[in-house]
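Protein chains get the first letters and strands the later ones, always in sequence-line order, with residue 1 at the start of each.
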Amino acid sequence: MSDRYDPHAIERHWQARWEADRLYSVTEDESREKWYALTMFPYPSGDLHTGHWYAMVPSDVAARYRRMRGYNVLFPMGFDAFGLPAENAAIRRGVDPAEWTAANVERMRGQLRLMGAGFDWEREVVTSDPLYYKWTQWWFLQLYRHGLAYRGEAAVNWCPGCQTVLANEQVVDGRCERSDDVVERRFLTQWFFRITAYAEELLRFEGVEWPERVKTMQTNWIGRSEGATLAFPVDVPDVEEPLRVFTTRPDTVYGATFMVMAPEHPLARRVTTPAQHDLVEEYQQAAARATEIERLSTEREKTGVFTGAYAVNPFNGRRIPIWVADYVLVTYGTGAIMAVPAHDQRDFEFARKYGMEIIPVFDHPDVDTSRPLEQAFPRGVRMINSGPFDGVPDDEAFAQVVAFARANRIGEPTVTFRLRDWLISRQRYWGAPIPIIHCAEHGIVPVPDADLPVLLPEHVRFEPTGQSPLTQIEEWVNAPCPIDGRPARRETDTMDTFMCSSWYQMRYVDPHNPERPFSQEKARYWLPVDQYTGGAEHSVMHLLYTRFFWKAARDMGLVDGDEPMKRLYNQGVILGPDGNRMSKSRGNVVAPDEQVERYGSDAFRCQLMFVGPWDQGGPYNPTGMAGIVRWLNRVWSLATDEPDLTDVPAAAETRALRRATHKTIAQVTADMESFSFNTLISRLMEHASAMQRAREAGPVDAAAWDEAVTTMLLLTAPLAPHIAEELWERRGREYSVHTATWPTFDAELARDQEVEIVVQVNGKVRDRLVLPADVGEAEAREAALASERVREWLDGREPRRVVYIPGRLVNVVM
RNA sequence: GCCGAAGUGGCGGAAUGGCAGACGCGGCGGUCUCAAAAACCGCUGGGGGCAACCUCGUGGGGGUUCGAAUCCCCCCUUCGGCACCA
């Protein structure tokens, strides 16, 4: 091997060596503390891009650092391999999704290896592999047995482009998160997971160190509201059941002047009078045709129609009209509301448009309640127009009204969530089949565990029809009933791919177990994940689902603890050099394979970390690569070209070099802990400059020089693993630098002997003094006042005040 | 509309109550060279001054403080999330 830094030669060499030595393979070791580091696994699109590198490299650096700190580190990688792109490729180009996926996985594995990351490839999981999805199906059956999976009819989100239903979380602004098509509403019978059973617990984030942003997003998504359900009898012949409404403001019940039902409300047809029938039906049909976007637009003026029916306010016996309007959502609360226009702006707008009465039931110092209101006002001082409750103060009103409702059996306190159950059915081929058989005799029958996996049939035609392609495979669909063996039919829907990724972190602990999803023993050692990293786009999908899965698994006795991921970090988005998202059409794509080809993996890794704080992302700077390449060349030179060596441990130059080395250890360690990789690299650059100056200046103490070089290689190892390993070997150190121990710093050696004290006059810097590091306050003040520059500015006057900040500055105020 | 994050040289960024611009890119000057590249050294926010220095300067405006990029209030811009959830 040449004596010049040749990244390609050493990177190839060490990648092969590490693999041959199984350097990154780990097993349980009770004698050592474990650290489970996980970065989100990629979808095998067929091309690893810079975004993947940006997400994975710092995650690898942090895992390597933990390993050097003595932890037994699990850092696995795999592929989230089910999903629509494979199926779309099959439709377009006639290739088999399994073959397409396998080829992509193969290619991306190779690209990932170029990164030189310390992944334990022996633990790789591929979610579309029957050996994996057997257990995804097993989870489905477990959830079913525990009452957490059920089949039900509901208004669901239908994506016409993907020809399948979507979970609520996959709908963004009324459009499909994946294809951007406008989502339609359909009433279908589908499989759901009862995530709402954990709604309350999912709001608690005890013992997790997650970004506030993610916790807030999940909290808002779950959307907990405290209120009451009130029952309004309906004044319609033959309708016995009352109209139930959920309200967060039961204290405004005397101000209810009309009721509103969602167009899809089951009682709507039954209460409508014959005279209003056509009008209501027409309105319902129009609402059904409207897209989610149209319906959810807050800009749009509210519309509605009168049913002709009346409800009775159970508090005061007042008859109030029942309307149907699409600003009330059938999916939330009870699908019907009591409208209090005086105190709710939406109801106010509706009341004003349709001439409904507006009765304020609170007084307010800024509102003249005897005159028509200009707008709704949510809160007031005391209740008015509320019969026996008149005079009750605002902050007691809720409790008193609810207590009354409860005592008179007309209502009760209720907590409602915005979160809906997780719809997991997909009318597509490339996913794990739902392991259920529909029997005419026995209904829904789970496939017995022993018959898992339910394999996807091969050679399937993919015309998107709105039904799963599996429905057309007669020989697959027809299956005997597990109970009596008589002809029955398989469930033809497949599972949402988010299900595959909801438990993959568990499978990594025991990826080849043929008997169980994982052994309890291994799970107890490795789980939960200590540090998870990934993109913020998964804040309310993957991360909410995986918390739900974990809690369900905990309640089944399969895992310990309440949370799957102790620490979470969201990296930012790496952009093209022009500041836009990288895309082929913009022509601003930075291809990692090309960067590795030109500069080497180590340089590309470092440049990605050097562009800025990891959580901020930002434009990739290709010209900045020159600085990183220079630095790596300098590291090479410092480790291979010795200065003139001598033995002067007590010399000032020796102390200065050792001080630089120990300060660098302290700073780099702190930056590792806080994921501040950009400043970490700048510290190493400074250290290299200090070493270079020392080398040029004359003979260097041999021990101090060796300490500096050794430290430099150890601190560089997680960032640039190949060059560090190569130079480690060239210096005759024991293989491998990656299993060596992270250096510790000596505070005494790192301490400065002198400090520069800034001297200010009225807050402006006028002088600097170099004083001993242990200078006392009195001496510092005295030195500052004695300064020639300060005397000039004081011009004979007495300072009003002198502020001293130890070791930093003196401010003379006049 | 609501919630959150951010706004600093030509560029990426550093500094989270105490020297604004660490480190790097780019630029300018120099060493080396027949020359160029590479490497190395020096300088590099604006204005004024021969200089020592002075002055302005962290999106805009106000405030707190001996001292503010940093804390508080108002506004502007950009990005992210949510958005008729009763």
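Listed candidates were B/rA86, B/rG13, B/rG26. Nearest to the side chain of A/Asp344 is B/rA86. Here B/rC84 is the nucleotide among B/rC84, B/rC82, B/rC40 with the atom lying nearest to any side-chain atom of A/Lys302. Here the nucleotide nearest the side chain of A/Ala626, chosen from B/rC25, B/rA86, B/rA22, is B/rC25. Picking from B/rG18, B/rA20, B/rG13 the nucleotide with the shortest atom distance to the side chain of A/Asn678 gives B/rG13. Of the candidates B/rG18, B/rG13, B/rC84, the closest approach to any side-chain atom of A/Asp326 belongs to B/rC84. Distances were taken from every side-chain heavy atom of A/Gln692 (C-beta onward) to each of B/rC40, B/rG12, B/rG18; the shortest belongs to B/rC40. When each of B/rC82, B/rC66, B/rA86 is scored by its nearest atom to the side-chain atoms of A/Val803, the top-ranked nucleotide is B/rC66. For A/Trp793, the side-chain atoms get nearest to B/rC54 when compared with the rest of B/rG13, B/rC54, B/rA86. Taking only side-chain atoms of A/Phe610, from C-beta outward, the nucleotide of B/rC23, B/rG18, B/rA86 with the closest atom is B/rC23. For A/Arg801, taking side-chain heavy atoms from C-beta onward, the closest of the listed nucleotides B/rC25, B/rC66, B/rC41 is B/rC66.
Between the P atom of B/rC54 and the CG atom of A/Asn762 lies a distance of 13 Å, rounded to the nearest Å. Computed from coordinates, the A/Asn811 CG to B/rG17 C1' distance equals 13 Å when rounded to whole Å. Spacing between atom CD of A/Glu686 and atom C1' of B/rG24 amounts to 11 Å, rounded to whole angstrom units. Atom NZ in A/Lys663 sits roughly 13 Å away from atom P in B/rC23 (whole-Å rounding). In this structure, CD1 of A/Ile681 is placed 18 Å from P of B/rG12, rounded to the nearest angstrom. Residue A/Asn621 contributes atom CG, which lies 14 Å from atom P of B/rA14 at whole-angstrom precision. In this entry the distance linking CE of A/Met541 with C1' of B/rC82 reads 14 Å, nearest Å. For the pair A/Gln607 CD and B/rG26 C1', the computed distance is 14 Å after rounding to whole Å.
Base pairing annotation: B/rA51 forms no Watson-Crick or G-U wobble pair, as no partner gives both donor-acceptor distances under 3.5 Å. Shown here, B/rC82 forms a base pair with B/rG1; the pair counts as Watson-Crick or G-U wobble because both key distances fall under 3.5 Å. Pair assignment for B/rU64: none, as no Watson-Crick or G-U wobble contacts are both less than 3.5 Å. Nucleotide B/rA35 forms no Watson-Crick or G-U wobble pair with any nucleotide shown, as no partner meets the under 3.5 Å limit on both distances. Here B/rG9 sits opposite no nucleotide as a Watson-Crick or G-U wobble pair (both hydrogen-bonding atom distances under 3.5 Å). Pairing partner, B/rG45: B/rC56, with both Watson-Crick or wobble hydrogen-bond distances short of 3.5 Å.
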| task | Check step by step if side-chain hydrogen bond (donor to acceptor under 3.5 Å, both in side chains) holds for A/Arg695 and A/Ser637. | result | CA-CA 11 Å; A/Arg695 187 173 63 177; A/Ser637 150; 3.1 Å; yes
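Under the 6.0 Å distance and 45° angle rule, A/Arg547 counts as a cation-pi partner of A/Trp210. A/Arg418 forms a cation-pi arrangement with A/Trp221, by the criterion of a distance under 6.0 Å to the ring centre and an angle within 45° of the ring axis.
Residue A/Ser225 is classed as a sugar-phosphate contact, given heavy-atom separations below 4.0 Å to backbone atoms only. A/Glu212 comes within 4.0 angstrom of no nucleic acid atom, judged by non-hydrogen atoms across all strands. Among the atoms of the strands shown, only primed sugar atoms or phosphate atoms (P, OP1, OP2) are found under 4.0 Å from some heavy atom of A/Pro613. As judged by a 4.0 angstrom heavy-atom cut-off over every strand, A/Arg224 is placed among residues making no nucleic acid contact.
Ring to ring, A/Phe258 and A/Trp323 are not that close: their centroids are 6.0 angstrom or more apart. If you look at A/Phe677 and A/Phe675, their ring centroids are closer than 6.0 Å. Aromatic ring centres of A/Tyr569 and A/Trp614: separated by under 6.0 Å.
Electrostatic pairing of A/Lys215 and A/Glu212 counts as a salt bridge here, judged by a charged N lying under 4.0 Å from a carboxylate O. A/Arg249 and A/Asp344 are not joined by a salt bridge, as no carboxylate oxygen comes within less than 4.0 angstrom of a charged side-chain nitrogen. Salt bridge annotation for A/Arg352-A/Glu349: absent, with no cationic side-chain nitrogen under 4.0 angstrom from a carboxylate oxygen.
B/rA15 sits 15 Å from B/rU70 when the P atoms are compared, rounded to a whole Å. Nucleotides B/rC3 and B/rC72, compared at atom P, are 16 Å apart to the nearest Å. Spacing between B/rA5 and B/rC53 at atom P, rounded to whole Å, works out to 43 Å. Spacing of C1' atoms, B/rC23 relative to B/rC71, comes out at 28 Å, to the nearest Å. Rounded to the nearest Å, the gap between the P atom of B/rU33 and that of B/rG27 is 24 Å. If you take atom C1' in B/rU44 and the same atom in B/rA35, they sit 27 Å apart, rounded to whole Å. Look at the P atom in both B/rC11 and B/rG18: the space between them is 26 Å, to the nearest Å. Nucleotides B/rG9 and B/rA69 place their P atoms 14 Å apart, quoted to the nearest Å.
A donor and an acceptor atom, one from each side chain of A/Thr257 and A/Arg318, are nowhere located under 3.5 Å apart. Between the side chains of A/Tyr5 and A/Thr640, no donor N or O sits under 3.5 Å from an acceptor N or O.
Projected onto RNA chain B by closest heavy-atom contact, A/Thr679 and A/Val758 fall at different nucleotides, the more 5' of which corresponds to A/Thr679. Along RNA chain B, the nucleotide closest to A/Lys764 and the one closest to A/Thr334 are compared, and the more 5′ of them pairs with A/Lys764.
Contact between the side-chain N/O atoms of A/Arg766 and the OP1/OP2 oxygens of B/rC54 is found at a separation under 4.0 Å. When the side-chain nitrogen and oxygen atoms of A/Arg789 are compared with OP1 and OP2 of B/rC53, none of them lie within a distance under 4.0 Å. OP1 or OP2 of B/rA83 lies within a sub-4.0 Å distance of a side-chain N or O belonging to A/Arg418. Residue A/Arg808 places none of its side-chain N or O atoms closer than 4.0 Å to OP1 or OP2 of B/rA15. For A/Arg800, no side-chain nitrogen or oxygen approaches OP1 or OP2 of B/rC66 to under 4.0 Å. Side-chain nitrogen and oxygen atoms of A/Arg683 include none within less than 4.0 Å of the OP1 or OP2 phosphate oxygen of B/rG24.
B/rG27 adopts an anti glycosidic conformation, its chi angle falling more than 90° from 0.
Contact check for A/Ile628 versus A/Ile681: side-chain heavy atoms found under the 4.5 Å cut-off.
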Listing time: all N or O pairs from protein to nucleotides 27-30 of chain B that are below 3.5 Å?
none

